[in-house]
There are 2 protein chains.
Amino acid sequence: MEVYKDEKKRIYLENNSIAYLFGFQVDEFIEVHEYQRGEWIIQEGMRPDFLFYVMEGAAKIYITHQNGKVSLINFISANDYIGEMELLNDVYYTKGIQASTKTICFALPFYRYRTQLMEDAKFLRELTKFLSVKATLRAAKYSQSLAFPLENRLADFILQTADEGIYKEKHITVCDYLGVSYRHLLHVLKQFCDKNYLQKEGRNYQIIHYDSLYKLAEVLKHN
Amino acid sequence: MEVYKDEKKRIYLENNSIAYLFGFQVDEFIEVHEYQRGEWIIQEGMRPDFLFYVMEGAAKIYITHQNGKVSLINFISANDYIGEMELLNDVYYTKGIQASTKTICFALPFYRYRTQLMEDAKFLRELTKFLSVKATLRAAKYSQSLAFPLENRLADFILQTADEGIYKEKHITVCDYLGVSYRHLLHVLKQFCDKNYLQKEGRNYQIIHYDSLYKLAEVLKHN
DNA sequence: TGAATAATATGAGATATCTCATATTTTCGA
DNA sequence: TCGAAAATATGAGATATCTCATATTATTCA
């Protein structure tokens with residue numbers, strides 16, 4: 001992890017204004033952090049000292065269960081907050097957040113800004129919107145996961161993440177995210193290939209029959 | 001649904017102050033609504049005209065999937081907001097909310113208060129906290145539902161909802177909430193009885209072996 | 001009060017998903 | 001560049017969960 005200093009920090013701040021997020025001046029004590037792929041932005045179970053706002057990159061939120069099973073809870077990308085739960089709640093079990101690409105974020109030290117943030121309508125309004133969108137997405141995903149078999153959810157996931165007709169997510173990530181076993185994921189992928197919805201090309205899968213996948217995924221949408 | 005008028009409204013407002021929720025005066029245009037068991041506070045798919053704050057009672061949030069399957073998404077009780085999603089987001093699929101007991105809430109008309117609410121730090125701070133807690137609970141429930149079989153989740157649910165050692169939730173509600181079929185729920189309940197964790201008494205179940213259930217539920221908690 | 005509706009109950013077979021064992025291939029750091 | 005670790009792959013049997021069919025109570029309401 002690198003903390004931008006002096007000139008480097010100044011330049012980054014100049015080129016990436018986040019004044020629109022706050023009703024007051026934050027420049028003085030704000031930091032700019034850069035994390036490499038694989039680095040932990042927050043360690044599971046340890047409260048962070050900063051409120052982060054992600055500018056570039058992507059990360060994943062994980063939680064470890066008592067039985068050792070690890071769940072990927074969600075993806076984080078540009079314009080997401082990190083540490084907002086800890087800002088708002090004194091009692092909160094901190095999830096682990098790991099950068100999955102190089103990730104740059106602004107970091108506001110709690111000890112310095114907590115009081116001001118909690119009284120700033122502009123900030124609170126932005127955060128509220130962020131939280132409500134997050135809650136909505138999560139609710140949708142949750143009720144889907146209970147109501148539909150992997151076949152439908154995977155079709156949706158493939159269409160969402162495929163790039164130019166090519167699906168190339170890591171299986172391990174996907175089973176975490178969709179909450180199924182590795183074995184079963186492969187099984188359903190094979191079915192898709194057998195049915196000619198996909199065609200395997202080395203590590204990747206090319207979408208052959210878009211419509212069939214779309215039909216499977218469509219079932220997830222309510223109305 | 002009854003809207004309290006005149007004297008009745010005045011008395012209710014006097015006895016139940018919610019001044020602490022807002023940084024400005026809301027008395028003038030606020031309404032007090034009372035819903036009977038079974039009544040819909042919000043119809044699925046129809047945007048509400050009010051922001052509600054629940055004072056008494058309990059309700060359930062439902063969503064209907066395209067395949068006709070209905071999921072119970074969550075419970076609502078005193079001190080919860082309703083309609084906050086619609087206040088914050090112009091685009092939002094409204095879930096259905098049905099009172100499960102007599103429910104009384106304050107109702108603030110959007111057309112009158114929207115602008116002021118979105119600029120009121122006190123209100124936004126309360127709402128933000130509410131949303132963050134909500135998001136946390138949902139996240140926990142979600143990752144649990146994927147990582148553990150019904151046995152564990154049901155044990156937890158029974159301990160949470162049992163009243164003086166007696167569990168008496170309606171099966172239908174529970175399968176909605178836990179996202180399993182009616183048949184399977186009964187199957188696992190029968191197992192609990194066979195193992196002497198529970199003892200069936202007419203419609204209800206008495207908790208016999210608290211410890212065993214606790215052990216099953218404990219597995220859900222992370223650390 | 002009686003009929004309609006909701007809730008509870010149970011069996012049996014089907015399917016979705018998991019666990020475990022094991023092999024091969026790829027990636028990546030020392 | 002070599003070896004460890006990560007990722008992919010596949011089989012086989014176990015288990016969790018679903019669907020459907022069908023009865024039997026409760027509850028509600030006209």
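Numbers restart at 1 for each chain; the letters A, B, ... are given by sequence-line order, proteins then strands. All figures in this text were calculated on a predicted structure; none of them were measured in a lab.
In this structure, B:K168 places its NZ atom 16 Å from C1' of D:dA26, rounding to the nearest Å. Here D:dG11 presents its P atom at 16 Å from CG of A:L185, a figure rounded to the nearest Å. Atoms OH (B:Y182) and C1' (C:dG11) sit 14 Å apart, rounded to a whole Å. Taking atom CD1 of B:I172 as the reference point, atom C1' of D:dT25 lies 14 Å away to the nearest angstrom. Going from atom CG of B:L189 over to atom P of C:dT10 covers 11 Å, rounded to whole Å. Atom CG of B:L178 and atom P of D:dC18 are 11 Å apart (whole Å). Protein atom NE2 of B:H171 is 9 Å distant from nucleotide atom P of C:dT10, rounded to whole Å. With rounding to whole Å, A:K170 atom NZ is found 13 Å from C:dT25 atom C1'.
Taking 4.5 Å as the limit, some side-chain heavy atom of B:I18 sits within range of a side-chain heavy atom of B:I30.
Under the salt bridge (Lys or Arg N to Asp or Glu O under 4.0 Å) criterion, B:R47 pairs with no residue at all, not counting sequence neighbours. In this structure A:Y197 satisfies the ring pair (Phe, Tyr, Trp, His ring centres under 6.0 Å) test together with A:F192, sequence neighbours excluded. Residues meeting the salt bridge (Lys or Arg N to Asp or Glu O under 4.0 Å) test with B:K8, sequence neighbours left out: B:E2. Taking B:H209 as the reference, nothing meets the ring pair (Phe, Tyr, Trp, His ring centres under 6.0 Å) condition, with sequence neighbours excluded. Not a single salt bridge (Lys or Arg N to Asp or Glu O under 4.0 Å) links A:R112 to another residue, sequence neighbours left out. Residues that satisfy the ring pair (Phe, Tyr, Trp, His ring centres under 6.0 Å) test with A:F106, not counting sequence neighbours, are A:Y12. Scored by the side chain to side chain donor-acceptor pair (under 3.5 Å) test, B:K195 finds B:E151 as partners (sequence neighbours excluded). Judged as a side chain to side chain contact (heavy atoms under 4.5 Å, CB included), and not counting sequence neighbours, the contacts of B:E7 are B:R10, B:I11. Taking A:Y167 as the reference, nothing meets the ring pair (Phe, Tyr, Trp, His ring centres under 6.0 Å) condition, with sequence neighbours excluded.
Rotation axes derived from the C1' atoms of the five outermost pairs at either end of the helix from C:dT1-D:dA30 to C:dA30-D:dT1 lie 60° apart, to the nearest 10°.
At distances below 3.5 Å, at least one donor-acceptor pair connects side-chain atoms of A:D80 with backbone N or O atoms of A:S77.
Taking every heavy atom of residues 194-204 of chain A and every atom of DNA chain D, pairs under 4.0 Å involve A:K200, A:G202, A:R203, by number.
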Treating primed atoms plus P, OP1 and OP2 as sugar-phosphate and everything else as base, which nucleotides of nucleotides 12-17 of chain C get B, S or - for protein heavy atoms under 4.0 Å? B---SB

